[in-house]
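Letters A, B, ... mirror the listed sequences (proteins, then strands); counts begin at 1.
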There are 2 protein chains.
Amino acid sequence: MSTTDDPGLAPLPLSVRMQRGDLFSDQCPSREVLKHVTSRWGVLILVALLGGTHRFSDLRRKIAGVSEKMLAQTLQWLEADGFVDRKAYPVVPPHVEYSLTPLGREVGEKVEMLADWIEFNLPRILAADAAS
Amino acid sequence: MSTTDDPGLAPLPLSVRMQRGDLFSDQCPSREVLKHVTSRWGVLILVALLGGTHRFSDLRRKIAGVSEKMLAQTLQWLEADGFVDRKAYPVVPPHVEYSLTPLGREVGEKVEMLADWIEFNLPRILAADAAS
DNA sequence: GTAAGTACGCACAAAAAGGTAAGTATGAAA
DNA sequence: TTTCATACTTACCTTTTTGTGCGTACTTAC
């Protein structure tokens with residue numbers, strides 16, 4: 001099966017698939033996409049891949065704390081959304097390379113800006129935490 | 001109690017609180033902040049508040065699908081992180097106004113850029129979904 | 001001979017997130 | 001007089017997410 005594991009993504013009419021999404025409405029599929037992109041590991045994967053192609057185990061080592069299961073799953077979400085490109089070489093010790101598609105590079109950049117902002121402004125945020 | 005409900009935020013030494021965060025490392029507090037900001041309702045709250053001050057029930061109506069519980073909880077996270085300002089008027093039917101702090105406006109803008117990108121590019125993404 | 005590395009899938013379990021319903025105080029509208 | 005609206009909190013339960021450990025097929029290094 002090559003379809004998504006999510007049974008909620010029934011075939012939508014073309015007219016709907018042409019429209020801009022609306023995150024404020026309940027049923028909008030953009031919420032699913034947002035979920036994948038902003039998921040715990042999705043953010044880190046996108047940022048990591050902005051730095052270039054990585055193998056599965058490279059990502060696993062770079063992103064401290066991910067389990068193999070979650071890394072695989074999140075990569076599959078991002079692949080299904082068209083953000084990540086997976087290239088598998090049928091060699092004996094498995095060899096798979098992950099990279100961003102053009103679409104993935106675009107979201108990745110937005111995500112990275114957010115991630116960078118948080119990293120850079122952590123001190124200001126922690127100061128707020130302490131004051132609360 | 002005015003501290004966070006999260007027992008994991010023990011008092012950190014000042015020297016640590018001055019440093020830039022690193023999302024790739026496991027224990028970095030920036031991951032907590034990221035979690036709040038990119039949480040299911042956090043994104044929507046920040047974007048909504050970029051449009052101006054809102055009352056609790058205004059937010060509830062604008063963000064289709066949030067429960068009161070999650071709205072309250074997410075607002076508390078964002079308040080503790082210094083992104084949201086809560087102003088309560090001690091009148092009989094409760095009246096509370098939420099707005100963004102300067103810090104909140106900064107993250108909010110990053111988040112909005114991501115949200116906008118997703119909404120605008122939904123058609124391209126759904127096309128990828130269909131092709132998978 | 002045996003352990004390690006690779007890129008996962010699967011079953012089971014724990015943890016976290018989320019939803020629902022009810023309660024609160026009080027004034028105003030129906 | 002019953003109902004509604006406000007801004008939550010709390011208890012309880014369900015759903016979702018995440019982690020853990022094991023298995024795989026084969027090669028290389030020890």
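Counting to the nearest Å, the P atom of C/dA7 and the OH atom of A/Y98 are 8 Å from each other. The separation between A/D58 atom CG and C/dA7 atom P is 8 Å, rounded to whole Å. Rounded to whole Å, atom C1' of C/dC8 lies 15 Å from atom NE2 of A/H95. In this entry the distance linking CZ of B/R60 with C1' of D/dA7 reads 11 Å, nearest Å. A straight line from NZ of B/K87 to P of D/dT6 spans 21 Å, rounded to a whole angstrom. Atom CZ of B/F56 is separated from atom P of D/dT9 by 8 Å (rounded to the nearest Å).
In this structure, the nucleotide among C/dT6, C/dG9, D/dC8 sitting nearest to the side chain of B/R86 is D/dC8. Closest to the side chain of B/Q76, from the set D/dC8, C/dA7, D/dT6, is D/dC8.
Note on A/R55: a side-chain N or O is less than 4.0 Å away from OP1 or OP2 of C/dA7. Within the 4.0 Å cut-off from OP1 or OP2 of C/dT6, at least one side-chain nitrogen or oxygen of A/R61 is found.
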Q: Using a 4.0 Å cut-off on protein heavy atoms (strictly under), produce a 5'-to-3' string for nucleotides 13-30 of chain C with B for base contact, S for backbone-only sugar-phosphate contact, and - for none.
A: ----SBBB-----BS---
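The distance from atom CG of A/N121 to atom CG of A/L126, rounded to the nearest 0.5 Å, is 10.5 Å.
Classification of B/E97 and B/K87 as a salt-bridged pair fails, no side-chain N sitting under 4.0 Å from a carboxylate O.
A donor-acceptor distance shorter than 3.5 angstrom exists from the side chain of A/T101 to the backbone of A/G104, with no hydrogens or angles considered. Under the 3.5 Å distance criterion, the side-chain polar atoms of B/R105 are matched with a main-chain donor or acceptor of B/L100.
Partner B/D58 forms a salt bridge (charged side-chain N to carboxylate O under 4.0 Å, His left out) with one of B/R55, B/R61, B/R60 and no other, that one being B/R61.
In this structure, B/Y89 reaches neither bases nor backbone, as no heavy-atom distance under 4.0 Å exists between it and the strands shown. Among the heavy atoms of the strands, none lies under 4.0 Å from B/E97.
Nucleotide C/dA16 forms a Watson-Crick or G-U wobble pair with D/dT15, both donor-acceptor distances falling under 3.5 Å.
Placement of B/M113 and B/L122 in two distinct hydrophobic clusters is found when ILVMFWY residues are connected by side-chain heavy-atom separations under 4.5 Å, directly or transitively.
Applying the ring pair (Phe, Tyr, Trp, His ring centres under 6.0 Å) test to every pair with at least one member in residues 83-118 of chain B, sequence neighbours left out, gives these pairs: B/Y89-B/H95.
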